[in-house]
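Structure first, commentary second.
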Amino acid sequence: MCLGAIEPLSLLISHEDKIVRRNAVMALGVMASNNEVKKHLKCLDVIPAIISKLSPEENVMVHEFATLCLASLSVDFSYKIQIFESNGLEPLIQLLSSPDPDVKKNSVECIFNLVQDVQNRAAVQRLNGLPPLLDLLRSEFSVIQQLALHTIEKITTDTETCVAFRNVQGFERILEVVAMKEFSDLHEGALRVILNCLEDTESMQLFQTMGGLEQLLQCVGTSTVAEVKANAVKAIAKMAQSSENRKILHERNIEKTLTDLLTQENESVRTAVCQAVATVSKNLSSRDTFRSLDGIRPIVQLLNSEGSELRMAAAEALSSLTNSNNLNAYAIYDAEGDRLLVRQLQDSCTGAAVYAAMALTNMASQEELRKSILAHEAMPALVELLHSTDNNILISAVQAVASLTCDAEARQELRNVGGLSALVQLLKSINAEIRRNASWAISVCANDEITASELCNVGALEILQEISLSSHRSNKFSQLALQKLLDSNLSLKYSLTGHLSSSDITTDGFYDPGQIRVGHQFPVLEDISKQVVNQHRATIAVNGKPQNQFIPKGPEEGKQDSPTDTTASSVLNGRRSSKTPSKTKGKGHKEEDEKKKEEDECKPHQKIMVEETWSLPYDAAFHNLVKEAAESIMPLKDEVKMYTALAMFLLTELG
């Protein structure tokens, strides 16, 4: 090259004399392996001339060194484009059938380099390149077999090529390779091709009828090469995506095979096994079989692995094993898997956290397991995930929160760690699945009034009301969440809707500030009490519990058990007073206020204490009514007599 040979050689490859032409191609073909020569050739545009030497009229020697030259140049991206645009693929594919092994080797090597680019993969299939590539798998030269197999593996990542592979008996040829022990060095690549081509139902059915499943099981059982085992297990997992195949695999005792493989030291094998367990466990019987074989404990232990891919696969397997299977959930608990799964919620691997949350969601259906999960500080970890930007993490974390917060203690912990605000913000998500799950979690949390109150305080009510007005954002879960919030705060529900149902039971602390419009703030009872008397209607409040029993609460705080619970109809269905210009107060309230005022003037510090511990005035008369009714009616055993006596009591006392 330094002596200036490249440019004249690039011209001589097109010389009219065959011998000159042949020798020029040979020289250029050998020199093209040098990087500096490759750079120099870019300036000379030699690709069309070299491709023209692949024609059938040229002799084998020219074919050999022309393909050698192209194989060397085709590793460079710019040369790949030139070869494609100069229609170089078609003559290269034709030379795959050359009687000369060197021509075959160089041609398939060049094609392998070219198919690293997507457009060339599809072009090989269009030019009917699969049959000659499959034929090369029978070559007596290992290097040709390997290059052909790697090329097939690459082009079968294209969907159309997979269909063509099936139509040209590709499975049959690949299974021949897998079945022959002398081709053991090709088994790994052959299994990867199978993996690529098992993407559709038709291919899986064909593979099954050709005895493919048996071949895979044999590879798993007999091969000593870890990667071969791993790829065979991956192919089995692909097959197991079909319910019919899962049934066949169960009959072949696949659970025992996979459980035994968990003892392998190779990480890729164990990762593939866990992924297969996740798929195979979609069969109900297989879930129980894994437990009976004690296959759950070793999977739990894999959560301690250093490799993130293996941890993720183990969590995926556990999430599948616990799906609608409480006994498997307890098996994980017995192996201390709940602690490891909670720890995995903080895993840097997104998939590991997602599957861990899914497994915990399944386990949380059992009260004992819920308590154990929460004891390992699952709630703070889940709340942290609620701030993620990954949709899959958000969905799985919200589902886990919903499954864990069916107990009051868990809801209290969720409040304490600030999870309600994060949950409510997810109602604004543009992702419909996230909104649905957030609505479901809020409907669960709203089962107690304290949590429902805090949800309202952080804007849940307003957002859900806004969603309810949207035809495309509203769904049955958002409607349920809104209803739950209202049911847990009857004062708010009555103020918004103007009515309560017969199943709504009011308690001490219920009040009626009047009708408010959607989007307007619901007035707090303490704030109302501090207003000066004005022309507005009275605010009616109910409190029949003595001061030493009543715990002060705001209007949006939780419903509390009370001995003076009354039905909505017995309290609210009377007329509203529109004539009273001042606030209605409990009996004795005025005298108590005056007395407190005198005491507070003498004790300024106590005045601050009274303001900070405001409580609803006590209606002693109402308390006495309830007490008298209970004492006179409850001893009666006959229901008709009890109802009659209660009706007469109300008639006498209330009119």
Side-chain angles (χ1 to χ4, degrees), residues 448-449 452-453 483 486-516 522-523 525 528-529 536-593 615-655:
D448 72 71
E449 194 173 345
S453 167
Q483 188 61 44
L486 294 177
D487 288 344
S488 296
N489 194 326
L490 295 182
S491 300
L492 175 61
K493 181 178 181 179
Y494 187 64
S495 185
L496 276 173
T497 64
H499 70 275
L500 296 177
S501 69
S502 58
S503 61
D504 291 326
I505 309 301
T506 60
T507 63
D508 292 311
F510 176 85
Y511 67 103
D512 172 22
Q515 191 104 13
I516 63 168
F522 185 60
L525 194 55
I528 293 174
S529 72
H536 296 303
R537 63 178 290 282
T539 295
I540 303 171
V542 179
N543 181 27
K545 184 179 287 187
Q547 195 66 35
N548 60 354
Q549 297 181 28
F550 185 78
I551 301 173
K553 65 177 180 179
E556 294 148 1
E557 288 189 8
K559 184 183 295 185
Q560 303 172 26
D561 293 334
S562 168
T564 57
D565 288 359
T566 58
T567 61
S569 55
S570 67
V571 178
L572 296 171
N573 284 359
R575 290 181 190 169
R576 289 188 173 195
S577 171
S578 58
K579 298 179 180 180
T580 309
S582 62
K583 295 178 180 59
T584 304
K585 302 196 176 191
K587 294 184 178 180
H589 181 69
K590 184 176 180 182
E591 292 80 4
E592 289 174 8
D593 279 356
S615 60
L616 185 63
Y618 163 52
D619 190 337
F622 179 54
H623 172 71
N624 292 334
L625 278 176
V626 175
K627 183 178 179 182
E628 184 181 346
E631 290 174 349
S632 61
I633 293 166
M634 295 306 291
L636 302 175
K637 302 300 180 184
D638 182 70
E639 283 191 349
V640 174
K641 291 181 180 179
M642 291 175 72
Y643 292 138
T644 304
L646 178 59
M648 292 302 296
F649 179 82
L650 292 173
L651 184 65
T652 303
E653 299 295 335
L654 301 178

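Keep in mind it's a predicted model, so treat the numbers as computed, not measured.
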Min side-chain heavy-atom separation Gln483-Lys493 under 4.5 Å = yes
task = Please list, chain by chain and in numerical order, all residues satisfying side chain to side chain donor-acceptor pair (under 3.5 Å) with Thr652, sequence neighbours excluded.
result = none
request  = Output, in order, the C-alpha distance, side-chain angles, deciding distance and verdict of side chain to side chain contact (heavy atoms under 4.5 Å, CB included) for Leu492 and Leu486.
outcome  = CA-CA 6 Å; Leu492 175 61; Leu486 294 177; 4.1 Å; yes
inquiry  = Within the structure provided, determine whether Leu500 and Phe510 are in side-chain contact (heavy-atom separation under 4.5 Å).
reply    = yes
ask   = What residues form a side chain to side chain donor-acceptor pair (under 3.5 Å) with Glu653, not counting sequence neighbours?
value = none
Could you list the donor-acceptor pairs under 3.5 angstrom formed between side-chain atoms of residues 629-645 and any protein atom two or more places apart in sequence or on another chain?
unit_1	atom_1	unit_2	atom_2	d
Ser632	OG	Glu628	O	3.0
Ser632	OG	Ala629	O	3.2
Asp638	OD2	Val640	N	3.2
Asp638	OD2	Lys641	N	3.0
Thr644	OG1	Val640	O	2.7

task = Would you sort out whether His623 and Tyr618 count as a side chain to side chain contact (heavy atoms under 4.5 Å, CB included), showing the intermediate values?
result = CA-CA 8 Å; His623 172 71; Tyr618 163 52; 3.2 Å; yes
query = With a 4.5 Å heavy-atom cut-off, do Ile516 and Pro523 have their side chains touching?
reply = yes
ask   = Between Ile528 and Pro513, which heavy-atom pair has the shortest distance, and what is it?
value = CD1-CB, 4.1 Å
message = Rounded at 0.5 Å granularity, tell me how far CG in Leu616 sits from NZ in Lys545.
response = 11.5 Å
ask   = Does any non-hydrogen side-chain atom of Asp619 lie less than 4.5 Å from one of Val542?
value = no
message = Just verifying a value: how many Å separate Leu651 CG and Phe649 CZ, rounded to the nearest 0.5 Å?
response = 11.5 Å
message = Checking Ile540 against Tyr511 for the side chain to side chain contact (heavy atoms under 4.5 Å, CB included) test, could you report, in this order, the C-alpha distance in whole Å, the side-chain angles of both residues, the deciding distance, and whether it holds?
response = CA-CA 5 Å; Ile540 303 171; Tyr511 67 103; over 6 Å; no
ask   = Is there a side-chain contact between Asn543 and Pro617, using heavy atoms and a 4.5 Å cut-off?
value = no
note = In this structure, CG of Asp512 is separated from OG of Ser491 (nearest 0.5 Å) by 8.5 Å
